[in-house]
Amino acid sequence: MTAAPEAVAGESTPVLSAVDVTKHFVVRGAVGDSSVVRAVENASVDLHEGRIVAVVGESGSGKTTLARMLARFYEPTTGEILLDGVPATGRATRTYHQDVQLIFQDPFGSLNPVHRVRHNLDRALRIHDRRLSASERRKAAIELLERVSLTPGEDYLDKFPHELSGGQRQRVVIARALAVGPRVLLGDEPISMLDVSIRLEMLNLLDRLRREDGLALLYITHDIASARYVCDDVVVMYAGEMVEGGPKEEVIARPAHPYTKLLVESSPDPDRVGTLSREELFDDAEALGEPPSLIEPPDGCRFHPRCPFAMERCRTQAPPRTDVGGGHWARCWLHQEGRAEEIGATTFAAALANRDKEVRS
Ligand code: SF4
């Protein structure tokens, strides 16, 4: 196994890209009416060999829909998915999935429960290389299991999924994804259903795979702390839109969008004394409100109903993307108004409390 080159975003051609993709779903009602769910709007992301991009956001932010478009389980309503710079629509789905694999959140649902681990891996190996004999596939299955730290691999071949722990099942899912020799792994909350004690091990496994195999990885999570641990770059999604992105240390240490600031301040961080839960962080958690409906999202900046910094124009005009330096960007009017320093001047909770005091007075 050769070590991946030290890839740097921006200096290499992306293996996989989403270019300005939008996904709208038409939902039919019981009485023949219909509505449109605007799940993702004009999102772009590049995945490079040997690098991990984290997509962070609450549930309903559009991150899973984005991953499914990258995996070609959904075709974008507009925009394009490019593999090696070439539109993915020109590739047969079967050969596409030899390059791009998606790992789901629920490892139990991902494996066929009536078949042993051996069968689950064997099928993928046969798709990858039809010339392999049965004994070669068995040898390859053992090697795959050992690559994901299920050792000795032989001991796991005859187990059924229900005989494995959650962490072991997710390792088998990853081994099966690796069986086809992919260049891209898309992980949709791959650790969120696992026991807390083994999440770190799984993140270390993903990190090892990108270093040893040069895989390009997309790591989807609602947990900005785990993104900080494993990724190189972070993209933050809110209500179907990408609101901020850039190198992880930049984005997490100096959020340039109030929503990212909220995520960072309400996430556990051993380096930050006094990190609190959302309920503890906000005197009145209800003041924060809920994410908006994607059927009728707010006009202007979609975060404005919850944002303590919102101005009049935020309610009517969508903010443009502003580059803030070092590959770091954000979509927030504060940057256009020369008021960006307000984001770092106080905590989100204090800004929210201040806003509510002004409203009441
Ligand atoms: Fe808040 Fe306005 Fe920036 Fe949106 S554009 S995050 S509402 S300040």
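Order of listing sets the numbers, starting from 1, for every ligand and every atom in it.
Between Gly240 and Arg302 the shortest heavy-atom distance is CA-NH1, 4.3 Å. Scanning all heavy atoms of the two residues, the minimum distance from Phe309 to Glu342 falls at CE2-O, 3.6 Å.
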(request) Could you check Glu250 against Val324 for side chain to side chain contact (heavy atoms under 4.5 Å, CB included), going step by step and ending with a plain yes or no? (result) CA-CA 10 Å; Glu250 269 294 311; Val324 296; 5.6 Å; no
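For atom 5 (S) of ligand 1, the closest heavy atom belonging to the protein is Trp333 N, 3.2 Å. Of the protein's non-hydrogen atoms, the one nearest atom 4 (Fe) of ligand 1 is Cys301 SG, 2.4 Å.
By the neighbour-count criterion of 12 heavy atoms within 6.0 Å, atom CZ of Arg123 is sparsely surrounded, having that number or fewer from other residues, nucleotides or ligands. Annotation for Glu341: atom CD counts as buried by contact number, over 12 foreign heavy atoms lying within 6.0 Å.
Classified by interplanar angle (parallel below 30°, tilted 30° to 60°, perpendicular above 60°), the ring pair His257/Tyr259 is perpendicular.
Atom 2 (Fe) of ligand 1 has no N, O or S atom of Cys332 under 2.8 Å away, backbone or side chain. Among the atoms of Cys314, none of the N, O or S atoms falls under 2.8 Å from atom 4 (Fe) of ligand 1. At least one N/O/S atom of Cys307, from backbone or side chain, sits under 2.8 Å from atom 1 (Fe) of ligand 1.
Per-residue contacts place Pro258 under 4.0 angstrom from the following atoms of ligand 1 (heavy atoms of the residue considered): 6 (S). Residue Phe309 has at least one heavy-atom neighbour below 4.0 Å for each of these atoms of ligand 1: 8 (S).
When heavy-atom distances to ligand 1 are checked against a 4.0 Å cut-off, His257 comes that close only through its side chain, counted from C-beta outward.
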